2 protein chains.
Amino acid sequence: MADTGATGGESLLFLTDEQLRKGIEAMFFAYRGFTADPDRILGQHDYGRAHHRAIHFVHRQPGLTVTTLLAVLGVTKQSLNRVLRTLIEDGLVESRVGRKDKRERHLHLTPAGAALERELSEAQRVRMRAAYRAAGPQAVAGFRQVLEAMMDTDMRRHYQMLRDGA
Amino acid sequence: MADTGATGGESLLFLTDEQLRKGIEAMFFAYRGFTADPDRILGQHDYGRAHHRAIHFVHRQPGLTVTTLLAVLGVTKQSLNRVLRTLIEDGLVESRVGRKDKRERHLHLTPAGAALERELSEAQRVRMRAAYRAAGPQAVAGFRQVLEAMMDTDMRRHYQMLRDGA
DNA sequence: ATTTTATGTCAGCCTTGTTGACTTTCCAAG
DNA sequence: CTTGGAAAGTCAACAAGGCTGACATAAAAT
């Protein structure tokens with residue numbers, strides 16, 4: 001039981017290994033809840049989590065290129081391509097040749113893709129909304145602060161870009 | 001920018017779809033950071049994330065039974081067994097027949113297992129500590145509140161049991 | 001004209017999840 | 001004491017979604 005190793009009045013008890021451990025376990029269990037609802041819906045449509053991620057970011061940034069999506073998702077092009085191909089074949093995503101640079105493919109959701117996106121994100125928002133409401137605005141602000149500080153620098157760049165409006 | 005501090009007037013601006021979306025994306029990007037450091041270490045040892053999870057909870061609750069671990073991890077017994085078997089073969093985990101109920105196997109880390117656990121958890125703590133420090137104690141409290149509210153009921157039970165001391 | 005970039009594709013491999021079937025051991029209730 | 005069910009383990013087969021490496025094409029940039 002350490003006492004307040006205070007630096008400048010700040011109690012540092014929240015930095016004990018014990019506190020950190022609780023945060024680590026909270027992340028583990030919460031992430032499961034976070035993905036549970038979309039996963040159920042995806043299962044019905046014969047898709048997986050990877051499809052969800054692609055759909056999410058195409059929705060968020062309509063017209064983004066494959067390279068950009070690759071960077072945001074942090075997977076290999078072969079991995080993404082497998083997912084993207086099925087989404088295009090199934091008519092959920094449209095791939096348009098770039099006007100300025102014809103090598104680029106700009107990705108958009110079709111109406112069907114947008115419909116699935118809404119279904120997935122609404123399910124996720126329902127849980128998120130309940131959690132936010134239960135915890136309150138102050139807690140939510142802290143939640144976002146800690147998560148942001150936890151990101152890798154590259155990922156934080158992408159996050160902030162989307163956060164502040166693409 | 002909205003004033004989020006209200007408690008009596010209760011500004012509900014933090015529950016907008018926009019705010020929820022930011023939280024969702026924060027979870028996605030942060031979880032990647034959360035697992036990045038252990039993943040690197042696991043790769044060197046020829047293990048995966050599943051091994052990490054098993055090691056973590058065996059460390060947390062020494063002597064827990066396979067059934068309990070199964071419930072905490074939320075995977076099938078076949079899936080867990082594959083991982084557990086390699087850990088036992090490699091001498092990181094020990095499986096002891098229950099004294100009271102001889103059907104049960106009680107799991108413990110060997111010294112080698114405990115060493116890997118420390119390596120993994122210390123890496124994870126370093127990042128967590130930095131994030132906590134950057135965000136401050138209030139933010140950390142909020143972080144934990146929101147995560148807890150996000151869990152499925154079953155998982156919250158496990159979380160709280162560990163949180164309050166097994 | 002040459003090099004580089006963006007994209008896509010084939011092939012193969014690994015981890016980690018799943019279902020289903022079946023066995024052994026052992027506790028506990030009838 | 002018998003029997004039903006629980007705890008654990010195993011085999012087989014399959015799928016999602018990561019990965020590497022090699023290679024091809026079109027178009028931009030130098």
Side-chain angles (χ1 to χ4, degrees), chain A residues 28 31-32 35-36 38-58 63-90 93-108, chain B residues 28 31-32 35-36 38-58 63-90 93-108:
Chain A
F28 170 69
Y31 198 77
R32 294 257 297 275
T35 55
D39 279 355
R40 259 188 296 277
I41 294 167
L42 289 159
Q44 294 165 5
H45 292 260
D46 253 42
Y47 289 127
R49 227 175 261 186
H51 299 87
H52 184 189
R53 296 197 279 259
I55 288 173
H56 175 94
F57 288 108
V58 171
L64 90 175
T65 66
V66 173
T67 304
T68 305
L69 184 53
L70 237 28
V72 170
L73 294 177
V75 297
T76 60
K77 118 185 109 158
Q78 295 90 329
S79 213
L80 174 58
N81 204 257
R82 186 163 36 195
V83 162
L84 218 41
R85 190 172 6 179
T86 71
L87 289 175
I88 292 170
E89 280 171 3
D90 295 353
V93 168
E94 198 190 341
S95 169
R96 303 183 195 155
V97 173
R99 275 204 322 266
K100 223 187 84 179
D101 186 333
K102 290 181 202 156
R103 290 172 304 180
E104 296 178 342
R105 296 300 132 93
H106 298 271
L107 304 171
H108 298 263
Chain B
F28 171 69
Y31 198 77
R32 294 258 297 277
T35 55
D39 279 355
R40 259 188 296 276
I41 294 167
L42 289 159
Q44 294 164 7
H45 292 259
D46 255 42
Y47 290 127
R49 227 175 261 187
H51 299 87
H52 183 188
R53 295 198 280 258
I55 288 172
H56 175 92
F57 288 109
V58 171
L64 90 176
T65 65
V66 173
T67 303
T68 305
L69 184 52
L70 237 27
V72 171
L73 294 176
V75 298
T76 59
K77 119 185 107 156
Q78 294 91 329
S79 209
L80 173 59
N81 204 257
R82 187 161 37 196
V83 162
L84 220 40
R85 192 173 2 178
T86 72
L87 290 175
I88 292 170
E89 280 170 3
D90 296 353
V93 168
E94 197 189 343
S95 169
R96 302 184 195 155
V97 173
R99 276 205 321 267
K100 222 187 85 179
D101 186 333
K102 289 180 202 156
R103 290 172 304 179
E104 296 178 343
R105 297 299 132 92
H106 298 271
L107 304 170
H108 298 263

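Chain naming here is simple, since letters A, B, ... match the order of the sequence lines and numbering starts at 1 in each. This structure is a prediction, so every number in the text was calculated from the model and none was measured.
The distance from atom OG1 of T65(A) to atom CZ of R103(A), rounded to the nearest 0.5 Å, is 11.0 Å. The distance from the CZ atom of F57(B) to the CG atom of L73(B) is 6.0 Å, given to the nearest 0.5 Å.
H108(B) places none of its side-chain heavy atoms less than 4.5 Å from the side chain of V93(B).
Applying the 4.0 Å criterion to OP1 and OP2 of dG17(D), one finds that H51(A) has a side-chain N or O inside that range. At the phosphate of dC11(D), OP1 or OP2 sits under 4.0 Å from a side-chain N or O atom of R85(B). Applying the 4.0 Å criterion to OP1 and OP2 of dT18(C), one finds that T76(B) has a side-chain N or O inside that range.
Using a distance-only test at 3.5 Å, with no hydrogens or angles considered, no donor-acceptor pair links the side chain of H45(A) to the main chain of L42(A). Side chain of S79(B) to backbone of T76(B): no donor-acceptor contact under 3.5 angstrom is found.
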Got a list of protein N/O to nucleotides 2-4 of chain D N/O distances below 3.5 Å?
none

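Taking atom NE2 on H52(B) and atom P on dT15(C), their separation rounds to 18 Å, with Å as the unit. One atom, CG of L84(A), and another, P of dA16(D), lie 16 Å apart when rounded to the nearest Å. Between the CD atom of E89(A) and the C1' atom of dT9(C) there is a distance of 13 Å, rounded to whole Å. Between the CD1 atom of I88(A) and the C1' atom of dT9(C) there is a distance of 13 Å, given to the nearest Å. Summarising the geometry, the separation between CZ on R49(B) and P on dG18(D) is reported as 10 Å, rounded to the nearest angstrom. H45(B) places its NE2 atom 17 Å from the C1' atom of dT15(C), with the value rounded to the nearest Å. Summarising the geometry, the separation between CG on L87(B) and P on dG9(D) is reported as 13 Å, rounded to the nearest angstrom. For L80(B) and dT18(C), the CG to P distance is 10 Å, given to the nearest whole Å.
Among residues two or more places apart in sequence or in another chain, the ring pair (Phe, Tyr, Trp, His ring centres under 6.0 Å) test is passed with H56(B) by none.
Of all non-hydrogen atoms in H106(A) and G98(A), the two that sit nearest each other are CD2-CA, 3.3 Å.
Both Y47(A) and N81(B) sit near DNA chain D, but only N81(B) has its closest nucleotide nearer the 5' end.
The aromatic rings of Y31(A) and Y31(B) sit parallel to each other, their planes meeting at less than 30°, with 60° as the upper class boundary.
Here R82(B) lies in heavy-atom contact (under 4.0 Å) with a base.
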What string of B, S and - do you get for nucleotides 21-30 of chain D, 5' to 3', when a contact is any protein heavy atom under 4.0 Å? BB----BS--
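The side-chain hydrogen bond (donor to acceptor under 3.5 Å, both in side chains) test with Y47(A) is passed by exactly one of D90(A), D39(A), T86(A): D90(A).
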